[in-house]
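First the structure, in the form of structure tokens, and then the observations on it.
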Amino acid sequence: MIDLAQLRREPDEIKAALARRGVSSSTMDEILTLDVEHRRLLQESERLRAEVKELSRQVGEARRDHDDARAETLTIRSRQLGTEERQASERSERVGATLRAALLQIPNVPAPDVPDGRDDQDNVELRRWWVGIDEGAPFPEFEAHQRVPHWEIGRELGILDLEAGARMAGSMFPLYRGAGARLLRALGAFALDAHLDAYEEIRPPSFALTETMTSTGHLPKSQDDMYSIPRDDLWAIPTAEVPLTSMHRGEILDEAALPIRMTAQTACFRREAGAAGRDTRGVDRWLEVSSVSWFRDYQARRANVRYRRADGTTALVHTVNGSALAWARIWAALVETYRQADGSVALPDVLAPYLGGATRLTAKAS
RNA sequence: GGAGGGAUGACAGAGCGGCCGAAUGUACCGGUCUUGAAAACCGGCGUGGGCUUGCCCACCGUGGGUUCAAAUCCCACUCCCUCCGCCA
């Protein structure tokens, strides 16, 4: 969530920045108007409430003094004000809820140095890397045997069974078997182990409450892309980021404990980006196998995660999220890229310890 | 699934209709004392919001309700603990 106080202070700056993400200036004006109205109503209801409290205090006094007539007069007056107060706070509450709902829809303010762009065509390439680049090897061209899609390789080698997955869970859920299943396990273990020097490994629940999803910014924005279990008010997590970010929700952390580093491997349930189903039959999709997001205090404001500074004040933390390996995509990229002319698949050496020493996938082995 | 007990500030733990945002202790911060430290003593010590910056408002698991007035009474829910049942 963006900082409402900052929006009040620098409306033009925030508007200009958000315009780059397609948020219209009039949308922001509506929020500012709601904010003014909300504060007006809030003051009105708080003024009334203060008066009711004061009268109630005097009623107590009058009762102690056995001045029943005075107590009765004050009670009647307070009762009237109480009715007004209730109406005023309802109005304030209503506008406040509208304001909050509008704010939840507003995306994070982009950093000044982030380039504008509508889609990945506009991405700026900073660096290009490939195996052997240091030795002066040319950018590798794919051979014919590397142009076989992974679902065909998967069938050839008996390591991926999309039909079986579809039979039990629909086409969005792949089923890996044999060496293919073990390769996934190896990828996960490899990625987790690679971070154990600095990160605490977490095994979180696969589901999160609506409240939790909202605090990480996935709701209401990405509602349509997620799997839900309405009966239990649960959502299947789209990334480990959801449970990890939520671990300290509502807490005030000790500054000395920062930064807190955690890592986890989870299933990532997403409607549009199925791991290996029909929807991903575009190779382009795999070229972002890993990503890192820096939210500044956007998530922390929603999740109310703060820390205490040395001077005793509190401040929102920043959250950073990075995917080590999008393992389903990596799996597909590996079997396609390292497919050999004979149809077998060579495996990276770093995975061998996790594969019982195996360095190759063959039809026979699976 | 059933029965009972509980949820209050960083922690422990009082309060069970009327200056209670909350006693007390511990922890923490500052000071006195001390060569220094400890002890002792004194003072401070929750979070957020609003505005006329000194005041006001909210928060005692969550949400409703009763009342002039709710941490305190009533209802629902959530979570934790104990016992019984179930356990593909």
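Nucleic acid contact for A:Ser45: none, since no nucleic acid atom lies under 4.0 Å from a heavy atom of the residue. Counting non-hydrogen atoms under 4.0 angstrom, A:Arg70 reaches nothing in the nucleic acid. Within the 4.0 angstrom heavy-atom criterion, base atoms lie near A:Thr75.
In this structure, A:Tyr354 and A:Phe190 have perpendicular ring planes: the angle between them is above 60°, well past the 30° mark.
Rounded to whole angstrom, the span from the CZ atom of A:Arg86 across to the P atom of B:A58 amounts to 14 Å. Look at CG on A:Leu99: it is 13 Å from C1' on B:G49, rounded to the nearest Å. Distance, A:Leu55 CG to B:U67 C1': 15 Å, rounded to whole Å. As a whole-Å value, the separation of A:Glu211 CD from B:C79 C1' is 13 Å. Atom pair A:Gln80:CD and B:U67:C1' shows a separation of 16 Å (rounding to whole Å applied). Between A:Glu61 atom CD and B:C68 atom C1' there is a gap of 14 Å when expressed in whole angstrom units. For A:Arg9 and B:G50, the CZ to C1' distance is 16 Å, given to the nearest whole Å. Between the P atom of B:U47 and the NE2 atom of A:His248 lies a distance of 19 Å, rounded to the nearest Å.
In this structure, A:Lys15 does not pair ionically with A:Glu10, as no charged nitrogen and carboxylate oxygen lie closer than 4.0 Å. With respect to the salt-bridge test (charged N to carboxylate O, under 4.0 angstrom), the residues A:Arg100 and A:Glu93 qualify. Between A:Asp225 and A:Arg270 no salt bridge is recorded (no basic side-chain N to carboxylate O distance below 4.0 Å). Salt-bridge formation is detected for the pair A:Glu85/A:Arg49: a Lys NZ or Arg NE/NH1/NH2 atom is positioned less than 4.0 Å from an Asp or Glu carboxylate oxygen. With respect to the salt-bridge test (charged N to carboxylate O, under 4.0 angstrom), the residues A:Glu211 and A:Arg249 qualify.
Here the nucleotide nearest the side chain of A:Arg306, chosen from B:G48, B:A69, B:G49, is B:G48. Of the candidates B:G50, B:C68, B:U47, the closest approach to any side-chain atom of A:Ile252 belongs to B:U47. The side chain of A:Arg8 lies closest to B:G50, out of B:G50, B:G18, B:G48. Distance from the side chain of A:Gln43 is smallest for B:C51 among the nucleotides B:G46, B:G18, B:C51. Among the nucleotides B:U47, B:G18, B:G50, the one closest to the side chain of A:Arg64 is B:G18.
Each of A:Arg57 and A:Leu74 was assigned the nucleotide of RNA chain B with the nearest heavy atom; the assignment lying further toward the 5' end belongs to A:Arg57. Residue A:Ala315 is the one, among A:Ala315 and A:Arg39, whose nearest nucleotide of RNA chain B lies closer to the 5' end (criterion: closest heavy atom).
The distance between the ring centers of A:Phe207 and A:Tyr227 does not fall below 6.0 angstrom. Two rings, from A:Tyr176 and A:Trp331, have their centers less than 6.0 Å apart.
Residue A:Arg308 has no polar side-chain atom (N or O) positioned under 4.0 Å from OP1 or OP2 of B:G46.
Taking atom P in both B:C57 and B:A70, one finds a spacing of 12 Å when rounded to whole Å. Taking the C1' atoms as reference points, B:C42 lies 11 Å from B:C33, given to the whole Å. Remark: the separation of the C1' atoms in B:C68 and B:C60 is 23 Å, to the nearest Å. Comparing the P positions of B:G31 and B:C11 gives an interatomic distance of 27 Å, to the nearest angstrom. When the P atom is used for both B:U47 and B:G9, the distance is 13 Å, rounded to whole Å. For the C1' atoms, the distance linking B:A58 with B:A71 amounts to 14 Å, nearest Å. Of the P atoms belonging to B:G44 and B:U52, the separation is 30 Å, rounded to the nearest Å. Across the C1' atoms, B:A10 and B:A27 are found 7 Å apart, a figure rounded to whole Å.
Nucleotide B:G17 forms no Watson-Crick or G-U wobble pair with any nucleotide shown, as no partner meets the under 3.5 Å limit on both distances. Across all strands shown, B:A58 forms a Watson-Crick or G-U wobble pair, both distances under 3.5 Å, with B:U47. The partner of B:C79, taking Watson-Crick or G-U wobble pairs whose two distances both stay under 3.5 Å, is B:G6. Here B:U35 sits opposite no nucleotide as a Watson-Crick or G-U wobble pair (both hydrogen-bonding atom distances under 3.5 Å). Base pairing analysis places B:U24 opposite B:A12; the two distances defining the Watson-Crick or G-U wobble pair are each below 3.5 Å. In a base pair of the Watson-Crick type (N1 to N3 plus N6-O4 or O6-N4) or a G-U wobble (N1-O2 and O6-N3), with each distance short of 3.5 Å, B:U66 is matched with no nucleotide. Within the shown strands, B:C84 is the pairing partner of B:G1 under the Watson-Crick or G-U definition, both distances less than 3.5 Å.
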Atom pairs under 3.5 Å: protein N/O with N/O of nucleotides 53-57 of chain B:
residue	atom	partner	partner atom	Å
B:C57	O2'	A:Glu46	OE2	3.3
B:C57	O2'	A:Arg49	NH1	3.4

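Side-chain contact between A:Leu175 and A:Leu162: absent, with no pair of heavy atoms (C-beta onward) separated by less than 4.5 Å.
Cluster annotation: A:Phe295 is not connected to A:Leu253 through the hydrophobic network of ILVMFWY side chains, with a link wherever side-chain heavy atoms come within less than 4.5 Å.
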